[in-house]
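Reading through the structure tokens given below for one structure.
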Amino acid sequence: MYQYERRPGCSGVQLVVAVVIALGSLVAYYSKSSVNPVTGEKQHIDISVDQEIALGLQAAPEMESEFGGEDPDPQARQLVADVGGEIVSQSKAGTSPYRFQFHALADEQTLNAFALPGGQVFITHALLTKLNSRGQLAGVLAHECGHVINRHSAEQLAKAQLTQGLSGAAALAAYSQGSRSGAAVSMLVGQLVSLKFSRNDELEADRWGVILMSQAGYDPRAMLDVMEVLKRASGGGRTPEFFATHPNPDNREQRIQEAIHELFPNGLPSDLKR
């Protein structure tokens with residue numbers, strides 16, 4: 001029976017290659033940067049705003065189909081379009097180069113809202129019917145607008161390339177040490193890096209949700225009500241935050257309250273809509 005024998009020096013060569021791959025991935029990631037036209041933040045992104053818009057428009061029909069198509073209720077569609085339009089026309093979102101469009105989806109089982117790059121924003125019928133006020137809907141849509149103007153999807157594309165390179169380097173390094181778990185190491189590295197970025201994106205979108213809905217004349221405390229809706233929908237269960245795709249609602253409530261206080265240190269105006 002033939003047995004493979006590791007040649008002397010092979011482990012060292014593989015380690016060197018792994019280091020080169022990791023360094024190359026890091027250099028490629030950090031050399032791609034642009035300044036966000038709305039937030040002023042420097043970001044590591046290598047696609048243009050026009051490319052983001054094109055990606056979102058291309059993916060929108062497929063996403064609609066996945067969630068049962070458009071909501072058949074014309075009043076639901078109009079409500080989502082109206083509240084979304086208020087947010088864009090009366091807040092900093094309207095100064096962005098993105099072409100916002102707001103869609104109500106027919107899915108009655110999945111509580112979800114999401115945004116594609118470039119300004120395509122969606123909310124399912126299941127989540128829409130759980131909301132009790134126009135202000136709560138404004139909170140959900142403003143949060144999704146926050147993802148768009150912060151270019152989170154474009155950032156994730158760049159981060160995915162970085163993660164792929166680092167995961168490959170980790171797998172190669174593990175194999176060079178005689179480990180048979182290189183694939184597992186690679187998977188874990190990729191998973192943990194992606195989860196961390198996702199949680200940070202959600203918290204940043206919450207902060208901008210507070211800003212955008214307030215600028216549009218809505219009381220940002222409605223976002224706290226949305227967190228209560230999400231907690232009730234989860235049945236009271238709680239996944240450890242480190243391994244959760246999104247921050248748990250308790251953590252998000254605290255950050256939302258901090259954002260509200262930062263925006264209104266002297267208290268909320270009395271004329272905000274709920």
Side-chain angles (χ1 to χ4, degrees), residues 38-39 67 71 75-96 98 100-105 107 110-116 119-150 152 198-234 244-264 267-274:
V38 180
T39 69
F67 289 89
D71 193 318
Q75 291 183 328
R77 297 198 305 270
Q78 191 63 52
L79 175 63
V80 171
D82 287 347
V83 174
E86 283 184 86
I87 293 167
V88 173
S89 65
Q90 300 176 35
S91 77
K92 203 168 183 178
T95 68
S96 78
Y98 298 111
F100 285 95
Q101 291 181 307
F102 298 87
H103 309 267
L105 301 174
D107 191 326
T110 309
L111 273 72
N112 199 9
F114 55 91
L116 296 177
Q120 301 297 309
V121 177
F122 302 82
I123 182 171
T124 63
H125 184 85
L127 178 54
L128 183 60
T129 55
K130 292 286 186 182
L131 304 178
N132 300 315
S133 71
R134 198 177 176 99
Q136 290 180 22
L137 175 58
V140 172
L141 299 182
H143 169 94
E144 299 306 331
C145 290
H147 280 304
V148 174
I149 66 173
N150 279 281
H152 285 155
S198 180
R199 292 198 307 274
N200 289 342
D201 287 350
E202 292 297 330
L203 293 174
E204 188 171 39
D206 280 341
R207 176 176 172 272
W208 272 94
V210 167
I211 294 171
L212 298 177
M213 70 181 299
S214 299
Q215 290 176 343
Y218 284 97
D219 189 327
R221 290 174 296 186
M223 286 190 71
L224 298 173
D225 298 333
V226 174
M227 294 302 106
E228 293 300 318
V229 168
L230 296 177
K231 283 197 290 187
R232 288 195 298 271
S234 69
T245 303
H246 297 78
N248 65 64
D250 289 335
N251 182 287
R252 293 177 71 179
E253 285 178 349
Q254 179 183 347
R255 297 292 288 271
I256 290 168
Q257 288 172 337
E258 291 171 358
I260 293 172
H261 179 72
E262 179 182 348
L263 192 62
F264 299 103
L268 289 160
S270 60
D271 58 348
L272 295 176
K273 300 174 288 187
R274 290 297 293 264

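Sequential numbering from 1 along the given sequence is applied to the chain's residues. Computed from a predicted model, the values in this text were never measured in an experiment.
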Beyond-backbone contact of S91 with W208, side-chain heavy atoms, under 4.5 angstrom: no
Taking every non-hydrogen atom, the tightest pair across C145 and F100: SG-CE2, 3.7 Å
Contacts of D225 that satisfy salt bridge (Lys or Arg N to Asp or Glu O under 4.0 Å) - sequence neighbours left out: R274
Exam field: side chain N150 to backbone H152, donor-acceptor pair closer than 3.5 Å: no
Counterpart residues, ring pair (Phe, Tyr, Trp, His ring centres under 6.0 Å), relative to H143 (two or more places apart): H147
Pair up each side-chain donor or acceptor in residues 254-261 with any protein partner under 3.5 Å, not counting sequence neighbours, and list the distances.
unit_1	atom_1	unit_2	atom_2	d
Q254	NE2	E258	OE2	3.3

Shortest non-hydrogen contact between L272 and S214, atoms and distance: CD2-O, 4.3 Å
Smallest separation among heavy atoms of D219 and L268, with atom names: OD1-CD1, 3.8 Å
Non-neighbouring partners of K130 that pass salt bridge (Lys or Arg N to Asp or Glu O under 4.0 Å), sequence neighbours left out: none
Pairing residues for A138 by the side-chain contact (heavy atoms from CB on, under 4.5 Å) criterion, not counting sequence neighbours: V83, I87, M213, Y218
Any residue meeting ring pair (Phe, Tyr, Trp, His ring centres under 6.0 Å) with F264, in chain and number order, not counting sequence neighbours: none
Partners meeting side chain to side chain donor-acceptor pair (under 3.5 Å) with Q101 (sequence neighbours left out): Q120
Audit row: F102, V88, side-chain contact (heavy atoms from CB on, under 4.5 Å) steps and yes/no: CA-CA 10 Å; F102 298 87; V88 173; 3.7 Å; yes
For the student: nearest non-hydrogen atoms of A93 and I149, plus distance: CA-CG2, 4.3 Å
T39 OG1 to E204 CD distance, which is reported to the nearest 0.5 Å: 7.0 Å
Validation row: D71, I123 side chains within 4.5 angstrom (heavy atoms): no
4.5 Å side-chain heavy-atom contact, F67 and N112: yes
Full working for side-chain contact (heavy atoms from CB on, under 4.5 Å) between V210 and E262: CA-CA 10 Å; V210 167; E262 179 182 348; over 6 Å; no
Contact list for residues 137-146, test salt bridge (Lys or Arg N to Asp or Glu O under 4.0 Å), sequence neighbours left out: none
Separation between CZ of R252 and CE of M227, rounded to the nearest 0.5 Å: 4.0 Å
Non-neighbouring partners of T110 that pass side chain to side chain donor-acceptor pair (under 3.5 Å), sequence neighbours left out: D107
Pairing residues for H103 by the ring pair (Phe, Tyr, Trp, His ring centres under 6.0 Å) criterion, not counting sequence neighbours: F122
Heavy-atom pair of closest approach, residues L131 and Q136: CA-OE1, 3.5 Å
Qualifying residues under side chain to side chain donor-acceptor pair (under 3.5 Å), relative to E228, sequence neighbours excluded: K231
L79 side chain near R134 side chain, heavy-atom distance below 4.5 Å: yes
Under 3.5 Å donor-acceptor, Q215 side chain and K92 backbone: yes
Residue pair A142 / G209: nearest heavy atoms and the distance that separates them: CB-O, 3.5 Å
Residue list, side chain to side chain donor-acceptor pair (under 3.5 Å) with N132, at least two apart or on another chain: none
